[in-house]
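Have a look at the structure below, then the notes.
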Amino acid sequence: DFPLPYEVGEIHLDQGDILVCYTDGIVESTDPEDQEYGYQRLVDITQENSHMEARALFDLIMGDVASFRAGRDPADDQTLVVIKKGLTG
């Protein structure tokens, strides 16, 4: 019994597609002026670096979020999963 409604679905990823799953602690991270990291910044960094492997892109995003916070501790949990479909055999 999960207290919130959820949907089960299926998506198809083509070669090179990237799926980024994240918690609100990523996009709601704030800088010292209390500006949020934001969804668009996450989209932009992903698109600009789509040539990277999934692990490298994960590290880049998490590093960017940490830099954005400028040394402040996260106010919420931060979970990020990056999946990139590569060549199949």
Side-chain angles (χ1 to χ4, degrees):
D1 290 327
F2 195 71
L4 300 174
Y6 62 93
E7 293 182 28
V8 175
E10 191 174 307
I11 62 169
H12 173 81
L13 297 177
D14 290 321
Q15 182 179 332
D17 284 352
I18 300 170
L19 175 64
V20 177
C21 305
Y22 59 93
T23 58
D24 60 351
I26 298 289
V27 294
E28 293 177 0
S29 289
T30 56
D31 66 10
E33 288 79 40
D34 286 326
Q35 299 296 311
E36 286 191 351
Y37 187 82
Y39 171 77
Q40 192 58 54
R41 184 171 175 146
L42 179 60
V43 169
D44 290 345
I45 195 170
T46 300
Q47 289 178 336
E48 291 166 6
N49 297 283
S50 62
H51 61 281
M52 299 175 83
E53 295 295 324
R55 179 60 197 214
L57 185 55
F58 169 90
D59 290 339
L60 179 70
I61 293 168
M62 291 304 290
D64 192 53
V65 171
S67 293
F68 183 80
R69 289 193 329 265
R72 296 169 61 196
D73 288 334
D76 197 359
D77 67 290
Q78 296 186 331
T79 302
L80 178 71
V81 177
V82 178
I83 299 168
K84 183 171 184 179
K85 178 145 184 203
L87 298 172
T88 57

Check your understanding: Cluster question for you: counting only ILVMFWY and a side-chain heavy-atom cut-off of under 4.5 Å, with indirect links fine, are V43 and V82 together?
Key -> yes
**Study point:** For R41 against F68, the heavy-atom pair lying closest together
**Key:** NH1-CD1, 3.1 Å
Review point. Rounded to the nearest 0.5 Å, what separation is found between the OG1 atom of T46 and the CD1 atom of I61?
Key: 3.5 Å
Point to revise | Separation of T30 OG1 from Q35 CD (nearest 0.5 Å) | key: 9.5 Å
Study note, to complete from the structure: Here the gap from I83 atom CD1 to L13 atom CG, rounded to the nearest 0.5 Å, amounts to 7.5 Å
Point to revise | Residue pair D14 / K85: nearest heavy atoms and the distance that separates them | key: O-CB, 3.5 Å
Review point. Hey, are the side chains of L19 and I11 touching, using non-hydrogen atoms and a 4.5 Å cut-off?
Key: yes
Check your understanding: Taking the six-membered ring for Trp, are Y39 and Y22 parallel (under 30°), tilted (30 to 60°) or perpendicular (over 60°)?
Key -> tilted
Exercise for review: Looking only at non-hydrogen atoms, find the nearest pair between S29 and Q78 and report the distance.
Suggested key: OG-NE2, 2.6 Å
**Study point:** Which atom of I45 lies closest to which atom of L57, heavy atoms considered
**Key:** O-CD1, 4.1 Å
Exercise for review: Mark yes when over 12 heavy atoms from residues, nucleotides or ligands other than E53 sit less than 6.0 Å from its CD; otherwise mark no.
Suggested key: no
Check your understanding: Roughly how far, to the nearest 0.5 Å, is CG of D59 from CE of M52?
Key -> 8.0 Å
Review point. Judged by atom type as modelled, is there a donor-acceptor pair below 3.5 Å linking the side chain of K84 to the main-chain atoms of S50?
Key: yes
Review point. What heavy-atom pair brings V20 and L80 nearest, and what distance separates the two atoms?
Key: CG1-CD1, 3.6 Å
Check your understanding: What are the two closest heavy atoms between Y37 and V65, and how far apart are they?
Key -> CZ-CG2, 3.7 Å
Check your understanding: Do the side chain of T79 and the main chain of T23 share a donor and acceptor less than 3.5 angstrom apart?
Key -> no
